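Notes for the one structure printed next.
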4 protein chains.
Amino acid sequence: MKTQQTAEGVARPAGRPRSEKADRSIIEATLELLGEGIGVSELSIESIAGRAGVGKTTIYRRWSNKEDLVVDALATLKPPIPLPQGGTVRDDLVTYLRVIQEESRHHRTRCIMNIAMSDSERHPRLAERFRELAVEPRRAVVAAVLRRGMETGELRADLDVDMALALLSGAMIWSTKWSHSGDHQADLPERIVDEALKGFRPRPSTPEP
Amino acid sequence: MKTQQTAEGVARPAGRPRSEKADRSIIEATLELLGEGIGVSELSIESIAGRAGVGKTTIYRRWSNKEDLVVDALATLKPPIPLPQGGTVRDDLVTYLRVIQEESRHHRTRCIMNIAMSDSERHPRLAERFRELAVEPRRAVVAAVLRRGMETGELRADLDVDMALALLSGAMIWSTKWSHSGDHQADLPERIVDEALKGFRPRPSTPEP
Amino acid sequence: MKTQQTAEGVARPAGRPRSEKADRSIIEATLELLGEGIGVSELSIESIAGRAGVGKTTIYRRWSNKEDLVVDALATLKPPIPLPQGGTVRDDLVTYLRVIQEESRHHRTRCIMNIAMSDSERHPRLAERFRELAVEPRRAVVAAVLRRGMETGELRADLDVDMALALLSGAMIWSTKWSHSGDHQADLPERIVDEALKGFRPRPSTPEP
Amino acid sequence: MKTQQTAEGVARPAGRPRSEKADRSIIEATLELLGEGIGVSELSIESIAGRAGVGKTTIYRRWSNKEDLVVDALATLKPPIPLPQGGTVRDDLVTYLRVIQEESRHHRTRCIMNIAMSDSERHPRLAERFRELAVEPRRAVVAAVLRRGMETGELRADLDVDMALALLSGAMIWSTKWSHSGDHQADLPERIVDEALKGFRPRPSTPEP
DNA sequence: CTATAAACGAGACGGTACGTCCAGTCTTGCT
DNA sequence: AGCAAGACTGGACGTACCGTCTCGTTTATAG
């Protein structure tokens, strides 16, 4: 007989149950090291075990490889700043971009960005997990904002929501990564949103509303 | 006496000159391995030396670390498709994005993208080098296209060139990386350019020119 | 109250009594593994527990260390061939040595010899136990044979019994271990006994009785 | 081309030659640890490497297993006291046994005895090496003494030399290991030799020569 | 008929050592 | 002086057991 029956009627495996404390300290150590700038490839199980005050076995018992561990560690990071919304579409978009910008400036969140941006071909599970955790929720929020704008007439009725999102987010990331000056540009979100809203083409001589 | 005098009168160091063959085979081996999906972190000097048929010392003599070697290896890869230009601004932009898209679909070029996208905090020299090699030349070319459009009136006269470039390139990369469907979307460049050209806001009832 | 009263009037501790079945299967598993050529140092508690179908705790509850367990396991092995006696002293001594020789040729008994011969400084309890179990009983038997010979005049009246025993047993073990040819020498016991009986010195020209 | 030619015309393998210093410090560390009472089974490569200030690889490069290393370590220990000889046969034999006795009382030499006595089935190479190093040389020396005695008439002309050696050496080791009192018996060598010389049988009433 | 109490199997715990692999350095004799 | 070869120290890998520690279950007597 390999399982036991608890009072609640929930079967559970024989033997000493796995320690939640160990779980937590392993995840925490992983995030700490990641946050200190250690990359996924440089991250060593041994250092995690040491930092967590845990035997290597305890890690290997739970995760068969480093990626799975990192994935689970990321999963514990909730989207830290859910988008506040309610203003004009422009304001909401600017706020959204500012959140991205801030995330890439603060410690732990930047490390996550780095992981996410890291070679997704070698760490496919990781990339997939990151999409679920970080990309999709935001996409949903911004898509809602954009659709609201389309209904109110603030935005074109035939706007391609996915494309708009790609333009905004992509421009933000690209600028942060590749703009001439590596230094912080406080008004970047506004500039991106305004440029995207206007489009590239000249408007016929019609005053903006 | 540490230098010798060649017939051409050019001073050069004493002793056996460095073998150009070794140089080439090291670079070639590096690119091969990178092209096989090995990442910068996983790339081992030992494997390069083995592949190149060269002693490890010979590599360390030339480059003090792996990054510098990868940088130089990348430098030998010329921008493979210089942007053909001359059509309408829209066509040129679509062509530009298509080049990016193609690069991320073919072997060797995709590996470079991956390197470029890789954690630029841990490999700062690499990122910098990539900017010089791949980003800046393209930025220059597209900037020229955009400025031409501004002169001809095809684009707004007050267009923010850097921002436009960020919007286009960023959207392309973002879509490739994070769009729902991982599969190829042939019309992505057109859709991005058109959406960016139009802007998000509705136009007053004015027929497009 | 911590003890219980059995019908036989023997006090015994409260709670579930220790399982004799577990006792037996642990000892049996230990002897099996030892008999398979596993040495004391290589013998792992985990493998014993596995073989015995028992938790490690059940072993550690009974024996605080591996040595104590091996000692108890050895204790269950009775001296397998008590010396048959009754012939001439020479015959009895030859028979005794033949028993030693046979023991070092058969499976389970050889493994015990090996254990006994193993580094007795690191396993002192084990060596002590082995003396009690295996050495002393035999010494007693052979001492009786020798004393009988001294009484009947077959042996010198001033023979040093301990020394004689050391000479005979020591020579047997030494020969088995270090003789030129590792192969079996069927007449070894006879040769040892005869040589020991005669002594090294030449006899004056007196015919043997 | 895998070898190089030295001035002396001796071919030698390409690459950096193995460090003799490392060789020596590994052997020395091994003997130190063994001398501290660590047994062959308990001896860990890691501790040897640490003590020797050497990487584990450097050990594994030279010896594929622990036994081979211990064998080579033992090989560096010369027979510490070559038998002095020249007195009567009895005196020489007593001296020989005293050397054995002393060796089992002093530090480094006792550890060698222990190794030699250790389970020779699990460490067969080790036992074989010990025979070559320690057993055979002594056998030769004592055999010479015995043969001298046979020529001078001090010993029986038909003495079985191997058997005599087994009786003497075996009795010494047996007594040291299994005699009642573990304590030192200073006159053990004399007692053994005298008992062996006399033989067990009573002599006819003939005065000793 | 319960309560108490210890032993039971299972297996997770923090560790140590294993033998392998590679990093980056050093040391040969040859070119 | 550069070169290929290969040994050097060092450190992480993933595995096997160590001896200890929970778990829920089982098996006894004591009340």
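Bear in mind the structure is a predicted one, so any value in this text is a computation, not a measurement. Side-chain atoms are counted along with the backbone in the values below, which use heavy atoms only and exclude waters and symmetry mates. So that the names make sense, note that chain A is the first sequence line, chain B the second, and so on, each numbered from 1.
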Looking at [X] and [N], is any side-chain donor or acceptor paired with a base atom of the opposite kind under 3.5 Å?
X       : N      : result
D:Arg16 : E:dC26 : yes
C:Thr57 : E:dA10 : yes
A:Ser47 : F:dA12 : no
C:Lys56 : E:dG9  : no

Nearest-Å distance, [atom1] ([X]) to [atom2] ([N])?
X       : N      : atom1 : atom2 : answer
B:Tyr60 : F:dG6  : OH    : C1'   : 14 Å
B:Ile26 : F:dC3  : CD1   : C1'   : 11 Å
D:Ile45 : F:dG11 : CD1   : C1'   : 17 Å
A:Lys21 : F:dT22 : NZ    : P     : 11 Å
C:Arg61 : F:dG19 : CZ    : P     : 16 Å
D:Glu20 : E:dT27 : CD    : P     : 15 Å
C:Lys66 : F:dT20 : NZ    : P     : 14 Å
A:Glu46 : F:dG11 : CD    : P     : 11 Å

Are OP1 or OP2 of [N] and a side-chain N or O of [X] less than 4.0 angstrom apart?
X       : N     : value
C:Arg62 : E:dA6 : no
C:Thr58 : E:dA7 : no
C:Arg18 : E:dA6 : no

* Asked: Want to settle it: does C:Asp23 or A:Ala22 sit nearer the 5' end of DNA chain E, counting the closest nucleotide to each?
  -> C:Asp23
[X] side chain near [Y] side chain, heavy-atom distance below 4.5 Å:
X       : Y       : result
C:Trp63 : C:Ile26 : yes
D:Leu43 : D:Leu69 : no
D:Arg24 : D:Ile27 : no

* When you match D:Ser19 and B:Ala52 each to their closest nucleotide on DNA chain F, which lands nearer the 5' end? -> B:Ala52
* For A:Ser44, answer base if it contacts any base atom (sugar-phosphate contacts may also be present), sugar-phosphate if it contacts only those atoms, and nothing otherwise; contact means non-hydrogen atoms under 4.0 Å. => sugar-phosphate
* To do: Looking only at non-hydrogen atoms, find the nearest pair between A:Thr58 and A:Val54 and report the distance.
  => CB-CG1, 3.7 Å
* Structure fact -> Tested for salt bridge (Lys or Arg N to Asp or Glu O under 4.0 Å) against D:Asp23, the lone hit among D:Arg18, D:Arg62, D:Arg61 is D:Arg62
